[in-house]
Colleague: 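Got a structure for you, questions after.
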Number of protein chains: 4
Amino acid sequence: MPRAVRERQMLDAAVRTFARHGYRAASMDRIAELAGVSKPLVYLYLHSKDELFTACIRREAGALVAAVRAGVEPGLPADRQLWDGLTAFFTHTAENPDGWSVLHSQARTHGEPFAAEVAAMRAEITAFVNHLIGDAARAARCDPHLADREVAGLGEALVGAAESLAAWANDTPGVTARDAAATLMNFAWPGLENLMKGERWSASAGFRPPAGSARTPGPPAP
Amino acid sequence: MPRAVRERQMLDAAVRTFARHGYRAASMDRIAELAGVSKPLVYLYLHSKDELFTACIRREAGALVAAVRAGVEPGLPADRQLWDGLTAFFTHTAENPDGWSVLHSQARTHGEPFAAEVAAMRAEITAFVNHLIGDAARAARCDPHLADREVAGLGEALVGAAESLAAWANDTPGVTARDAAATLMNFAWPGLENLMKGERWSASAGFRPPAGSARTPGPPAP
Amino acid sequence: MPRAVRERQMLDAAVRTFARHGYRAASMDRIAELAGVSKPLVYLYLHSKDELFTACIRREAGALVAAVRAGVEPGLPADRQLWDGLTAFFTHTAENPDGWSVLHSQARTHGEPFAAEVAAMRAEITAFVNHLIGDAARAARCDPHLADREVAGLGEALVGAAESLAAWANDTPGVTARDAAATLMNFAWPGLENLMKGERWSASAGFRPPAGSARTPGPPAP
Amino acid sequence: MPRAVRERQMLDAAVRTFARHGYRAASMDRIAELAGVSKPLVYLYLHSKDELFTACIRREAGALVAAVRAGVEPGLPADRQLWDGLTAFFTHTAENPDGWSVLHSQARTHGEPFAAEVAAMRAEITAFVNHLIGDAARAARCDPHLADREVAGLGEALVGAAESLAAWANDTPGVTARDAAATLMNFAWPGLENLMKGERWSASAGFRPPAGSARTPGPPAP
DNA sequence: CATGAATGAGATTTCATTCAT
DNA sequence: TATGAATGAAATCTCATTCAT
């Protein structure tokens, strides 16, 4: 059996095991058994548990980024691209729950070497979103003044909301995936649109955050 | 030294160790050493690694919920309560990054007994947020169409976004609790405001989700 | 509370715990808890686990020997004394199963210091039995030629048969304690009687053990 | 080195260690060291201390039953078979004192899973003895009154006595297998012979159990 | 007289990793 | 290419025992 095939089997088994049990609780024995090969062969190809984990992260990160890229058509309007990109993202993570778990839950909770690997992927996606928002802003002839960091924060918020909704939809009878998606768009879209136009909540109609409260200092002045 | 004091030292050490290394990688030896006691004493007071972890989760969850409650004044308008609550939340998670990491990253990736513990806390916070959104909608007197279930979904989305942002703010140098709170308000408030007015994204200006894409079915027709 | 009472509580708890769990599996914690006192008090009175175990053995051995002695009236004929002694023995062990377990099962499987303690008691009972048989033999004007070792072997056999029958009677519906006792006497009495008369099986009617078989060498010639 | 050989080494070491120190006091470290292998290898092959102990019991029980079976020639008269069986039994236990100690002393004092294992072997031997006694009774053609249950009781008594004597012979220097066998035959044969003739102790010459003693109720009236 | 507080030592068990073939 | 055989190191947890009060 050719090496490439064997390696893919091993990575499949590893991703699944790491996702289900976590990095530490996943044993090389189990992975080798699940892959249908002997343990020394895993070491021959992947060298160590750390390298195996890193290989998993890299493969899953690459697949996710590729899926998002493939879902987006560059020529289309920015809002359409965003919708397509988000949909591709959620579709891919839904179809590869183990891979997503490795990236999102496992890699980030096990120290620098692995977190850095995910950070690279994250930067790629953030840049993509940033680009889109910038395009949209330019098309609307606004200067959104969105720092990379702010974009990253929005990405975090969006992903967090989406994950939370996915779990909620799964646990609440009668709530469909489409309900969840619609809720998310209703929830998030107006805010994103505002930000693309350079508008922020603290400047919005009527509300003024309390300036002097010790317990709850107001947001940065607009 | 009295038992209560020792126990607090142990829990402090455990929270820190669990947050930094994860549940599995955190060894009882290290925790005991960090607490300045011998390992048997940890077992005498906390009985097992599982129970120690559970005790950490419970303590941190209780502290977080208490902090949010303390930050909110019940009589104030709902939007003000939301801002205060978010600020208190991000402030607490920023001041207790290890505690938050235990709740958000560690407890949820290590099986049912622990995840359930966090789910209980989460339900409490979600209920609080739902209450706020419901109040605000009622105060706006303009939306007869916001079903309980939709409110619940929005609460989930908001809490999920907040959780995700809290972790991100802790991991990203230079991001303050106020930054996080402002980001979340910018992100979420316009959508909530729209919904309270009965407006929804899918009906908003001009945009129509692509109808024919296999991978990306459109939102429910308005 | 006077020391003697406390000590008895401790020994009671210890005998029970040692009998139920074995010497090693019985923990001083459990014993102290069962006795209703704190662990340091157990150490203050009984000094160590070994000494505690030894004290248990001594107390139970003493009680057993006393029970047998009390059951026998010296003036009576030897056969009556034997019957009384056996009955007292079985009555006592049935009423003190934990004590008997400590003597018979636990003490003999945990190394020299404890086994020696039991051996002393054993010697006392063996001497008593030996004496009885000797008396009976003398009364019958025979020379039984029973070595101490042979008497000890008979004791072993009798006790082993009795234990086995006791368990069997407990596990077989419809078999009463009296049935078991009768079976034992029917089984053992003729042999003992023979031995008191100096007769042995190998000399008995007709049967001759095979002399030359390699696999099954015959018994010592009479 | 092939697995089967290693396993035998480990079982040898384990039987010896369990016999000498008891189940709890025998440490896996010592067993591994005595077997000349590392501890993980013991776990790789035998899985746990419990399973290792069970494996010891099963192996020793099988060997003992095989030895007794091999010592008996089915065609011979029942009394000869009994003598042969006993001799084989005492010879085997004398040659394998550690194995016998594991079966007789250790396995029966450490809870159900192990005791049951021994009970199975014991049942096999008891059945064999019962068969013999039944045959002998039938051959003697003289006792219509020996019920199955009485035969079973006699088997239990005989086996119990033999077990007890085997341990005693092993622990007492100078007592050979033949001594033990002869002692047991001297002890048990006259009674068995009597019973086969329909005679019972309680009917025997002159002796009447004391009628009125509270502690020592007499045997069933003849 | 009695105990709450504390620990050194050692138990079973698992795991990542290597070597000889 | 592939594996059966083997292990050093470290994990969780328990226990007999002591001291200050």
Side-chain angles (χ1 to χ4, degrees), chain A residues 1-3 6 21 23-32 35-53, chain B residues 1-7 10 23-32 35-53, chain C residues 1-3 6 23-32 36-53, chain D residues 1-7 10 23-32 35-53:
Chain A
M1 189 170 297
R3 171 161 182 159
R6 279 265 199 254
H21 303 277
Y23 176 65
R24 292 293 291 234
S27 85
M28 295 298 270
D29 270 290
R30 248 199 277 239
I31 292 170
V37 299
S38 72
K39 219 175 1 168
L41 199 59
V42 178
Y43 277 88
L44 189 63
Y45 286 177
L46 277 314
H47 315 307
S48 79
K49 196 183 187 186
D50 274 28
E51 282 189 44
L52 173 57
F53 192 39
Chain B
M1 188 170 299
R3 174 167 181 153
V5 177
R6 279 277 195 242
E7 262 194 39
M10 291 178 196
Y23 176 65
R24 293 293 294 239
S27 87
M28 296 298 270
D29 269 294
R30 239 203 274 248
I31 292 171
V37 299
S38 71
K39 215 176 5 167
L41 199 60
V42 179
Y43 279 91
L44 190 62
Y45 286 177
L46 279 311
H47 311 109
S48 77
K49 198 183 186 183
D50 273 29
E51 280 191 45
L52 172 57
F53 194 37
Chain C
M1 189 171 297
R3 171 160 182 158
R6 278 266 200 255
Y23 175 65
R24 293 293 291 235
S27 84
M28 296 296 270
D29 270 289
R30 248 197 278 238
I31 292 171
V37 300
S38 72
K39 218 175 1 167
L41 199 58
V42 179
Y43 277 89
L44 188 63
Y45 285 178
L46 278 312
H47 314 308
S48 78
K49 196 184 185 183
D50 273 27
E51 282 190 45
L52 173 57
F53 193 39
Chain D
M1 187 168 300
R3 175 167 179 152
V5 176
R6 280 275 195 243
E7 263 192 39
M10 291 177 196
Y23 176 66
R24 292 294 295 239
S27 86
M28 295 298 269
D29 268 294
R30 241 202 274 246
I31 292 171
V37 299
S38 71
K39 217 178 359 168
L41 199 60
V42 180
Y43 279 90
L44 191 61
Y45 288 176
L46 278 311
H47 310 110
S48 77
K49 197 182 187 183
D50 273 29
E51 280 190 46
L52 173 57
F53 194 37

Colleague: Counting any heavy atom closer than 4.0 Å, what does D/A25 reach on the DNA or RNA strands: base, sugar-phosphate only, or nothing?
Modeller: nothing
Colleague: Please confirm whether the shortest side-chain N or O distance from D/R3 to OP1 or OP2 of F/dG4 is below 4.0 Å.
Modeller: no
Colleague: Nearest 0.5 Å please: distance from the CG atom of D/L52 over to the NE2 atom of D/H47.
Modeller: 11.0 Å
Colleague: Nearest 0.5 Å please: distance from the NE2 atom of A/H21 over to the CD1 atom of A/I31.
Modeller: 9.0 Å
Colleague: In whole Å, I'd like the distance from the OH atom of D/Y43 to the P atom of E/dT12.
Modeller: 5 Å
Colleague: Which dot-bracket notation, 5' to 3', represents the base pairing of DNA chain F when pairs are defined as Watson-Crick or G-U with both distances under 3.5 Å, crossing pairs as [ ], and inter-strand pairs as |?
Modeller: .||||||||||||||||||||
Colleague: Take the protein atom CG of B/L41 and the nucleotide atom P of F/dC15, then report the distance between them rounded to whole Å.
Modeller: 16 Å
Colleague: Identify, between B/K39 and C/R24, the residue whose nearest nucleotide on DNA chain F lies closer to the 5' end.
Modeller: B/K39
Colleague: On DNA chain E, compare the nucleotides closest to D/Y23 and C/V37; which residue's is nearer the 5' end?
Modeller: C/V37
Colleague: How far does CZ of B/R24 sit from NZ of B/K49, to the nearest 0.5 angstrom?
Modeller: 6.5 Å
Colleague: So which nucleotide from E/dG8, F/dA6, E/dT13 ends up closest to the side chain of D/M1?
Modeller: F/dA6
Colleague: When rounded to the nearest 0.5 angstrom, what is the spacing between CG in A/D50 and OH in A/Y23?
Modeller: 3.5 Å
Colleague: Measuring from B/M10:CE to B/L41:CG, what's the distance to the nearest 0.5 Å?
Modeller: 3.5 Å
Colleague: Working to the nearest 0.5 angstrom, can you tell me the gap between C/E51 CD and C/Y43 OH?
Modeller: 11.0 Å
Colleague: Roughly, in whole Å, what's the span from NZ in C/K49 to P in F/dA16?
Modeller: 4 Å
Colleague: In whole angstroms, how far is the P atom of E/dG10 from the CZ atom of D/R30?
Modeller: 11 Å
Colleague: Looking for any heavy atom pair under 4.0 Å, which part of the strands does B/A32 touch: base, sugar-phosphate only, or nothing?
Modeller: nothing
Colleague: Please determine whether a side-chain nitrogen or oxygen atom of C/R6 lies at a distance below 4.0 Å from atom OP1 or OP2 of E/dC1.
Modeller: no
Colleague: Send over the distance from A/E51 CD to E/dA16 C1', rounded to a whole Å.
Modeller: 14 Å
Colleague: Whether D/Y45 contacts F/dA6 is assessed here as follows: a side-chain N or O lying under 4.0 Å from the phosphate OP1 or OP2. Is that the case?
Modeller: yes
Colleague: Expressed in angstrom and rounded to an integer, what is the separation of A/L46 atom CG from E/dA16 atom C1'?
Modeller: 14 Å
Colleague: Starting from the 5' end of DNA chain E, give me the residue, D/A26 or C/L44, whose nearest nucleotide shows up first.
Modeller: C/L44
Colleague: Please state how far atom CE in C/M28 lies from atom C1' in E/dT3, giving the value in whole angstrom units.
Modeller: 15 Å
Colleague: Figure out the CG/C1' separation between C/D29 and E/dA6, and round it to whole Å.
Modeller: 13 Å
Colleague: With C/D29, which residues qualify under salt bridge (Lys or Arg N to Asp or Glu O under 4.0 Å), at least two apart?
Modeller: C/K39
